[in-house]
Participant: 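First, the structure itself, so that you have it in front of you.
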Amino acid sequence: MATKDFTSGEEGRQIINFAIPIITGSVFMQLYHYTDSVIVGRFIGKEALAAVGASTPFVFMLVALVIGISMGTTIIISQCFGRKQYEPIKRAADSLYIFLLISAIILTVLGIIFNHDIMRFINLPEEIQPYASEYLNIYLLGLIFLFGFNSLSAILRGVGDSKTPLLFLIVSSVLNIILDLLFVVVFKWGIAGAAWATNIAQASAVIFGIIYVNKHNHLVKLDLRHLSFDKTLFIRSIKLGLPAGMQQLFVSFGMLAIVGLVNGFGTDVIAAYSAASRIETFVCIIPMNLSIALTTFTGQNFSAGKIDRVRKGLHSTIKTSLIASFIILLVLSAFARPLMNMFVPEPSVIEVGCQYLIVLGLSFWLFSIMFCYMGTLRGMGNTIAPMFISLITLWIIRIPVASLLSSHIGELGIWVSSSISWFIGMIAAIIIFYRTTKTSKTLQNSINIPEEIF
């Protein structure tokens, strides 16, 4: 049984070792979308590339609440594991499986019904809408597999196992690349082929993951015939995870607003934003997954009363994030143009994308530090603060600033608005963390799993 106890040992090394498989797994997961974009841009055209990029914020919006509930379950499982209370782990996992199955079905139906309304809402140019609608409809059919794998990964991280999901992501990512080339390049299925390739690859990850977990990890095994829904644990998961889910939901609404601003600058800027956003997603993998590792690390140590280990783990992770941010700046500065050229060879698109990536590289350290503090706060059970930080920096800072600046300096104003919002978010997260640790005993008592659950 692959589990990990974080309540003893060298903090920084533990977090990095735990995060590496998660980071690697995220890289392979993003290869789904990256491969779609590269092949679509190269073999279908910039309109199809723009359509794939335009669909992404809406898909993220669909999974936002689900991500939050999964995060709440991860916190509960990590706290139970930290307290050596193993019996509730299976009930928490079963409750998440049931919730995600029902959610996937409902969201798929709603997404397909309102597909065309969504395209109009985000002000997508008419020449792109047919591509985006076709891609989104097919992608939604695989939502159940996307949810399924996210739930398996969240549950396994709660018991300290970040390696198992990686194994199946590698296999499914390679499969996705092969199917993309087969469906789009050989069979000439167009943008539909890219969507079907992604769905089949995601389904393979879920199927192989369930088979493996059922054989090797009895704490979180999935038995569809004997699933049990624990209302108390699920409500607890909602209380812990809903703020993170609401944060993601409102962030995704905000990203739709940003996309709406981008769409006003025409197909070239939309295609550039789509391609550069794919690169940005890869760049964000490191701080976002270090944050996930910190949440599990903090959950176990905070529930065990080891506040000093929480602080040491946070500081070690910040150092790692700053080093990574510096390397990312060098890479983006040197290779922005070749990276953009991988997606689409048109100079006008490449120029806009390079501008986006340079601004990203210069300010990425702000994003990294902000996420380190927010991951630690979530592990301590303070999921409300990260939610408000994200909402305020996006809706009160980024969107108004993007709207104002873009009217004066064009699309550059949209890119710069991210840097400004990250700076304010970082300062807010630091202040809230140090205020939270001063009242850590009260907070710890408020988030510990109630004894009646055991």
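Atom set for the values below is all heavy atoms of this structure, side chains included, hydrogens, waters and symmetry mates excluded. These figures come from a predicted structure and were not determined experimentally.
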Participant: Would you mind reporting whether Phe371 and Leu294 have side-chain heavy atoms less than 4.5 Å apart?
Facilitator: no

Participant: What are the two closest heavy atoms between Gly111 and Ile118, and how far apart are they?
Facilitator: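 Heavy atoms of Gly111 and Ile118 come nearest at O-CD1, 4.3 Å.
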
Participant: Under 3.5 Å, is there a donor-acceptor pair between the side chain of Ser274 and the main chain of Ile270?
Facilitator: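 Looks like no, no N/O pair under 3.5 Å.
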
Participant: How far apart are the C-alpha atoms of Arg398 and Thr393, what are their side-chain angles, what is the distance that settles it, and do they pass the side chain to side chain donor-acceptor pair (under 3.5 Å) test?
Facilitator: CA-CA 6 Å; Arg398 184 179 179 184; Thr393 55; over 6 Å; no

Participant: Please determine whether the number of non-hydrogen atoms from other residues, nucleotides or ligands lying under 6.0 Å from atom CZ of Phe388 exceeds 12.
Facilitator: no

Participant: Mind checking whether Trp415 and Glu411 have side chains closer than 4.5 Å, heavy atoms only?
Facilitator: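 A side-chain contact under 4.5 Å exists here.
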
Participant: Can you check whether Ile138's main-chain N or O pairs, donor with acceptor, with Asn199's side chain at less than 3.5 Å?
Facilitator: yes

Participant: With a 4.5 Å cut-off on side-chain heavy atoms, are Phe99 and Phe234 touching?
Facilitator: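 When only atoms from C-beta onward are counted, Phe99 and Phe234 do touch, with a gap below 4.5 Å.
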
Participant: Looking only at non-hydrogen atoms, find the nearest pair between Ile112 and Leu140 and report the distance.
Facilitator: N-CD1, 3.6 Å

Participant: Would a distance-only check, ignoring hydrogens and angles, find a side-chain to backbone donor-acceptor pair under 3.5 Å from Ser133 to Pro130?
Facilitator: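 Answer holds: no.
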
Participant: Might you point out which heavy atoms bring Cys80 and Ile89 nearest each other, and give the distance in Å?
Facilitator: CB-CG1, 4.0 Å

Participant: When rounded to the nearest 0.5 angstrom, what is the spacing between CE in Met380 and CZ in Phe433?
Facilitator: 5.5 Å

Participant: So how far is it from Ser421 OG to Trp395 CH2, rounded to the nearest 0.5 Å?
Facilitator: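 Here the rounded value is 13.0 Å.
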
Participant: Measuring from atom CD of Glu346 to atom CG of Asn341, what distance do you get when rounded to the nearest 0.5 angstrom?
Facilitator: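 Here the interatomic distance stands at 11.0 Å.
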
Participant: Are side-chain heavy atoms of Ile144 and Thr108 found at a separation under 4.5 Å?
Facilitator: no

Participant: When you compare the side chain of Thr317 with that of Thr376, does any pair of heavy atoms fall below 4.5 Å?
Facilitator: no

Participant: Taking all atoms of both residues into account, what is the closest heavy-atom pair of Ala272 and Gly353, and its distance?
Facilitator: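 Residues Ala272 and Gly353, closest heavy atoms: CB-N, 3.7 Å.
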
Participant: Are there more than 12 heavy atoms of other residues, nucleotides or ligands under 6.0 Å from atom CZ of Phe208?
Facilitator: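 Incorrect, the count does not exceed 12.
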
Participant: Working to the nearest 0.5 Å, report the span between CG of Leu357 and CG of Leu339.
Facilitator: 7.0 Å

Participant: Take Ile177 and Asp180 through the side chain to side chain contact (heavy atoms under 4.5 Å, CB included) test and state the conclusion after the steps.
Facilitator: CA-CA 5 Å; Ile177 294 172; Asp180 260 331; 5.7 Å; no

Participant: Is there a donor-acceptor pair under 3.5 Å between the side chain of Asn176 and the backbone N or O of Thr198?
Facilitator: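 Such a contact is found between Asn176 side chain and Thr198 backbone.
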
Participant: Any chance you could lay out the side chain to side chain donor-acceptor pair (under 3.5 Å) test for Tyr356 and Glu280, step after step, and finish with the verdict?
Facilitator: CA-CA 9 Å; Tyr356 183 108; Glu280 180 184 13; 2.3 Å; yes

Participant: Tell me if a side-chain donor or acceptor on Thr296 pairs with a main-chain N or O of Ala293 at a distance below 3.5 Å.
Facilitator: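 No: the side chain of Thr296 does not pair with the backbone of Ala293.
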
Participant: Test side chain to side chain contact (heavy atoms under 4.5 Å, CB included) on Leu332 and Ile279 and set out the steps.
Facilitator: CA-CA 9 Å; Leu332 291 180; Ile279 299 169; 4.2 Å; yes

Participant: Can a donor-acceptor pair be found, under 3.5 Å and without considering hydrogens, that links the side chain of Ser325 to the backbone of Ser321?
Facilitator: yes

Participant: Are Val359 and Leu412 close enough, and set up right, to give a side chain to side chain contact (heavy atoms under 4.5 Å, CB included), and what steps lead you there?
Facilitator: CA-CA 9 Å; Val359 173; Leu412 176 61; 4.0 Å; yes

Participant: For residues Val213 and Ile210, determine if any side-chain heavy atom of one lies less than 4.5 Å from a side-chain heavy atom of the other.
Facilitator: no

Participant: Are the side chain of Ser173 and the backbone of Ile170 linked by a donor-acceptor contact shorter than 3.5 Å?
Facilitator: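 No, because the side chain of Ser173 does not come within donor-acceptor range (under 3.5 Å) of the backbone of Ile170.
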
Participant: Between Ser390 (side chain) and Pro386 (backbone), is there a donor-acceptor pair under 3.5 Å?
Facilitator: yes

Participant: Is the shortest side-chain heavy-atom distance between Phe367 and Val283 below 4.5 Å?
Facilitator: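 The answer is no, as the side chains (C-beta and beyond) never meet within the 4.5 Å cut-off.
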
Participant: If we ignore hydrogens and angles and just use 3.5 Å, is the side chain of Thr298 paired with the main-chain N or O of Thr295 as donor and acceptor?
Facilitator: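 Flag not set: sc Thr298 to bb Thr295 has no pair under 3.5 Å.
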
Participant: Trp189 and ring-ring contact (aromatic ring centres under 6.0 Å, His included): which partner among Phe183, Trp196, Tyr135?
Facilitator: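 With Trp189 as partner, ring-ring contact (aromatic ring centres under 6.0 Å, His included) holds for just one option, Phe183.
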
Participant: Give a yes or no answer on whether the side chain of Ser95 reaches the backbone of Asp230 with a donor-acceptor pair at less than 3.5 Å.
Facilitator: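 Yes, Ser95 side chain to Asp230 backbone: donor-acceptor pair under 3.5 Å.
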
Participant: Are Arg91 and Asp94 within salt-bridge range, i.e. N to O under 4.0 Å?
Facilitator: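 Here Arg91 does not pair with Asp94 in a salt bridge, since their nearest N and O are not under 4.0 Å apart.
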
Participant: State, to 0.1 Å, how close Val349 and Met340 come at their nearest heavy-atom pair, and which atoms those are.
Facilitator: O-CE, 3.8 Å

Participant: Is there a side-chain contact between Pro287 and Met370 (heavy atoms, below 4.5 Å)?
Facilitator: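 No. Closest side-chain heavy atoms not under 4.5 Å.
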
Participant: Shortest non-hydrogen contact from Ile399 to Ala257?
Facilitator: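 Scanning both residues completely, I find the closest heavy atoms to be CD1-CB, 3.9 Å.
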
Participant: Taking Ile350 as the fixed residue, which of Ser348, Pro347, Cys354 is the one that meets the side chain to side chain contact (heavy atoms under 4.5 Å, CB included) rule?
Facilitator: Cys354

Participant: To the closest 0.5 Å, what do you measure between CD1 (Ile44) and OH (Tyr131)?
Facilitator: 7.5 Å

Participant: Within a 6.0 Å radius of atom CZ on Phe423, are there more than 12 heavy atoms belonging to other residues, nucleotides or ligands?
Facilitator: no

Participant: Flag the pair Phe149 / Phe145 as yes when their ring centroid distance falls below 6.0 Å, and as no otherwise.
Facilitator: no

Participant: Just how far is it from atom CG of Leu181 to atom CZ of Phe187, taken to the nearest 0.5 Å?
Facilitator: 11.5 Å

Participant: Decide side chain to side chain contact (heavy atoms under 4.5 Å, CB included) for Ile258 and Ile414; before the verdict, give the C-alpha distance in whole Å, the side-chain angles of both, and the deciding distance to 0.1 Å.
Facilitator: CA-CA 8 Å; Ile258 295 294; Ile414 302 176; 3.8 Å; yes

